[in-house]
Every structure is written in C-alpha cells, then in structure tokens.
Amino acid sequence: MEIWIEKYRPGKLSDIYGQDEVVSRLESFVKEKQLPHLIFAGPAGVGKTSAAIALTRELLGENWKDSFLELNASDERGIDIIRENVKEFARIKPFNDLGLRIIFLDEADQLTSDAQAALRRTMERFSATTRFIFSCNYSTQIIPPIQSRAVVMRFHQLSDDDLKSYLKFVISKENMTLDEDALDAICEVSSGDARKATSILQTLKYSGEKSPKAIFEMSGNLEPADFEKIIKLAMEGLFDEAVDLIEKLTVDRGYSAIDLIKGMHSFIRKQRIGQKQKLAIIEALAEAEFKLVEGGSDRVQLDALMAKLSWIGQELN
Ligand SMILES: Nc1ncnc2c1ncn2[C@@H]1O[C@H](COP(=O)(O)OP(=O)(O)OP(=O)(O)O)[C@@H](O)[C@H]1O
Ligand SMILES: [Mg+2]
C-alpha cells in the first residue's frame, strides 16, 4: 500500500498549494538560474520539504538526485556527522548546467548555536558550488550569521480553502466521495497541516468511515459538539453540570485543560452570537490559558473559567 503523503507529494513548484508568495519567488530563482542559500521557516506539513525537492528538480534538471542531499539535523549523531556528510557530498562533481549542489537540512533549528556556527564555516568553505536550504519552524532559531547569508522564505499553515482544494484533488484521484461536513472536520482537526490532512484522508479510505464524528475520533480531537455543550451549560448557569462534563473529558478521556480551552476557543470563534458575549468569552479563555501556562492548576482554572462563562451568560446580552 502506497502512503499518500508520498504519492501526493507535489512534484513541481506549481503543484504546491497555498504558498503562492514563496512559490513565485522560488520560480524566479529557477528562471534566473541562480540560487542563494535559503531558510524555509514554517510549521509542520505545509510543503517545506516538497518545495526543496521541487525547486532542486526544476533548477538542476534530470540528474537532480545526484546533486541533492537531504540531512536531518535532529539526528542524534550530531553536527560532526552532518559535516562529514557535507564534505563527502561536496567531493562529488555536480553534473548539471549550473554546476551546483543543494543540501537540504531539515530541522536545522534543532542544532545548538555552536553546531550552527560550525556548520556556517562548512557552508563558507563550499559556497562556490553548494547551496544550503535550512528548514525550521522559526527563522529566529537560526543564528544571525547564517540568517544574514540566506534568504528567508516563510511558509504558512494552509487556509481551509487551500486545504480543501488540495483534498478535493486527492479525493478525485482516488475516486472517493466525501461530504462537505467531513471536509470541514478534516480541516478543523488538521489546522492547516496538509500532511496530517492527507493521512486522515487515507485512513478514511481504508476504514470505510466518512462521518465527521469518526474524523474527530481518529485524530484524537474532541468534537465541536463537546465544546458547545460545555459552553452552553456554563452560560446557562448550570455550573455543576458543566464541571461534571469537564471532569469526564479530563479524567476519563485524558484531555488536558489546555486541549479543552483551545477547542472552546476554536469553536466560539466560528459562532455567530452576540458580539459582547463572544468577546468576553474569548477574553476569559485567553486569561485561563495564560494562567495555565504560568503554572495555574487545571482544575482551579477550569472552574474559574466556568464561573466566568456563567457570569457572561447571565450579565451580558
Ligand atoms: N502546500 C502543500 N501543497 C500540497 N501538498 C502538501 C503541501 N504541504 C504538505 N503537503 C502534503 O504533505 C506531505 C508532506 O509535506 P512536506 O514534507 O513538504 O511538509 P514539511 O513542511 O516539510 O513538514 P515538516 O516540517 O514536518 O518536515 C506532502 O507530501 C503532501 O502530501
Ligand atoms: Mg519536511
């Protein structure tokens, strides 16, 4: 069985969804036949590795594989191995018109500053014929001397619209049918991560399940209906019932207070309710989240949140 995240890896830059600005800048490098060092910054599963491969293929032509090296910085064997690999690779003559090799270093932000500094020296040494593409979540975690030698490309989470277009493309290739509800559920649980969305879609195909409920379950996410219930109970002043439900979700099903708060937040953002109430609820959620991150206790903060929602439900209309 072929894994869909490989089967549907965008082959060309123009096949990448939702990263228009990055794609058009990369395409201009291809057109001009030149390449600076690059930093690809962005969250998981949005096309960084795919873009590096597509770029290399378009820039270097048919023998691109001989001139492309992918390394993972979080490999526990560390920076020495990376430098060895780079040196070894730099010995091979690049067989392409540009005379270039491209090294893609995944999870570059996992390297310590010292390791990055060592890498920078290696980078300088081979800079005549070798370009580096560093992949990371945040470009700020790359040391300034590397940042200043590279062009930063920012990748974003796919918007629901872009993610849906991509999913619909895969769905049509696979002769599947899926309701709009199910597509919405996939978007909701994958938060712009196209890899996650693709895996869910493949699981759906092989399990025969298609309901939003199944999608929430297989992703380990709670359903919007759960959050709706908590908020409703609290706002109607049914504090004990709300707390009981929370107890069930946290103690019996293992969700953390932060999971619940994030879920309530994403639920309430989409609701068309009175503006005053909506803003007050969002503020209450933000306060609870902040206090939890600062070390507040789950139970106390969730109780306080329920109390606040109850007040909002009674006092604001
Ligand atoms: N922008 C996108 N357009 C189309 N498919 C995508 C996109 N981003 C990710 N995918 C899908 O997810 C798979 C994995 O994407 P990719 O490896 O490029 O993500 P990444 O950004 O490198 O993630 P990570 O940071 O976790 O390495 C692709 O093979 C493809 O199926
Ligand atoms: Mg990657």
Compare all side-chain heavy atoms of [X] with those of [Y] and state whether any distance is below 4.5 angstrom.
X	Y	result
R125	T122	no
L178	I186	yes
L204	M218	yes

Mind checking the [atom1]-[atom2] spacing from [X] to [Y]? Nearest 0.5 Å is all I need.
X	Y	atom1	atom2	answer
L302	T250	CG	OG1	7.0 Å
L233	S310	CG	OG	11.0 Å
F216	I200	CZ	CD1	9.5 Å

Looking only at heavy atoms, what is the nearest atom pair of [X] and [Y], with distance?
X	Y	value
L100	A128	CD2-O, 4.4 Å
N137	A44	ND2-N, 4.2 Å
M235	Q314	O-NE2, 2.9 Å
H37	S127	NE2-CB, 4.4 Å
A117	I143	N-CD1, 3.6 Å
L26	L38	CD2-CD1, 3.9 Å

Criterion side chain to side chain donor-acceptor pair (under 3.5 Å) against T198, the qualifying member of W4, Y8, Y166: Y166

Donor-acceptor pair, distance only, cut-off 3.5 Å: does the side chain of E107 make one with the backbone of A73? no

The test is side-chain hydrogen bond (donor to acceptor under 3.5 Å, both in side chains); show your working for K210 and T177 and say whether it passes. CA-CA 9 Å; K210 283 181 180 181; T177 52; 3.1 Å; yes

Can you check side-chain hydrogen bond (donor to acceptor under 3.5 Å, both in side chains) on S67 and R101, steps first, answer last? CA-CA 5 Å; S67 306; R101 306 176 196 88; over 6 Å; no

Applying side-chain hydrogen bond (donor to acceptor under 3.5 Å, both in side chains), run through N72 and S74 and close with a yes or a no. CA-CA 6 Å; N72 195 310; S74 70; 2.8 Å; yes

If you count the non-hydrogen atoms of other residues, nucleotides and ligands that lie under 6.0 Å from [atom1] in [X], is the total more than 12?
X	atom1	value
D66	CG	yes
K7	NZ	yes
Q271	CD	yes
K229	NZ	no

Please say which of Y138, F155, F132 ends up in a ring-ring contact (aromatic ring centres under 6.0 Å, His included) with F40. F155

For residues 152-166, the salt bridge (charged side-chain N to carboxylate O under 4.0 Å, His left out) pairs (sequence neighbours left out) are K164-E180, K164-D184

Using the salt bridge (Lys or Arg N to Asp or Glu O under 4.0 Å) rule, take R57 and E62 through it: C-alpha gap first, then chi angles, then the decisive distance, then the call. CA-CA 7 Å; R57 185 182 278 144; E62 59 174 345; over 6 Å; no

Side chains of residues 287-299: which donor-acceptor pairs under 3.5 Å do they make with residues two or more places apart or in other chains?
from : atom 1 : to   : atom 2 : distance (Å)
E287 : OE1    : K308 : NZ     : 2.9
E287 : OE2    : K291 : NZ     : 2.9
S297 : OG     : V300 : N      : 3.3
D298 : OD2    : A257 : N      : 3.4
R299 : NH2    : E247 : OE2    : 3.3

Tell me whether I231 is reachable from W311 by hopping between hydrophobic residues (I, L, V, M, F, W, Y) whose side-chain heavy atoms are closer than 4.5 Å. yes

In sequence, state the C-alpha distance, the side-chain angles, and the governing distance for S266 and E188, and then conclude on side-chain hydrogen bond (donor to acceptor under 3.5 Å, both in side chains). CA-CA 9 Å; S266 97; E188 167 93 29; 2.9 Å; yes

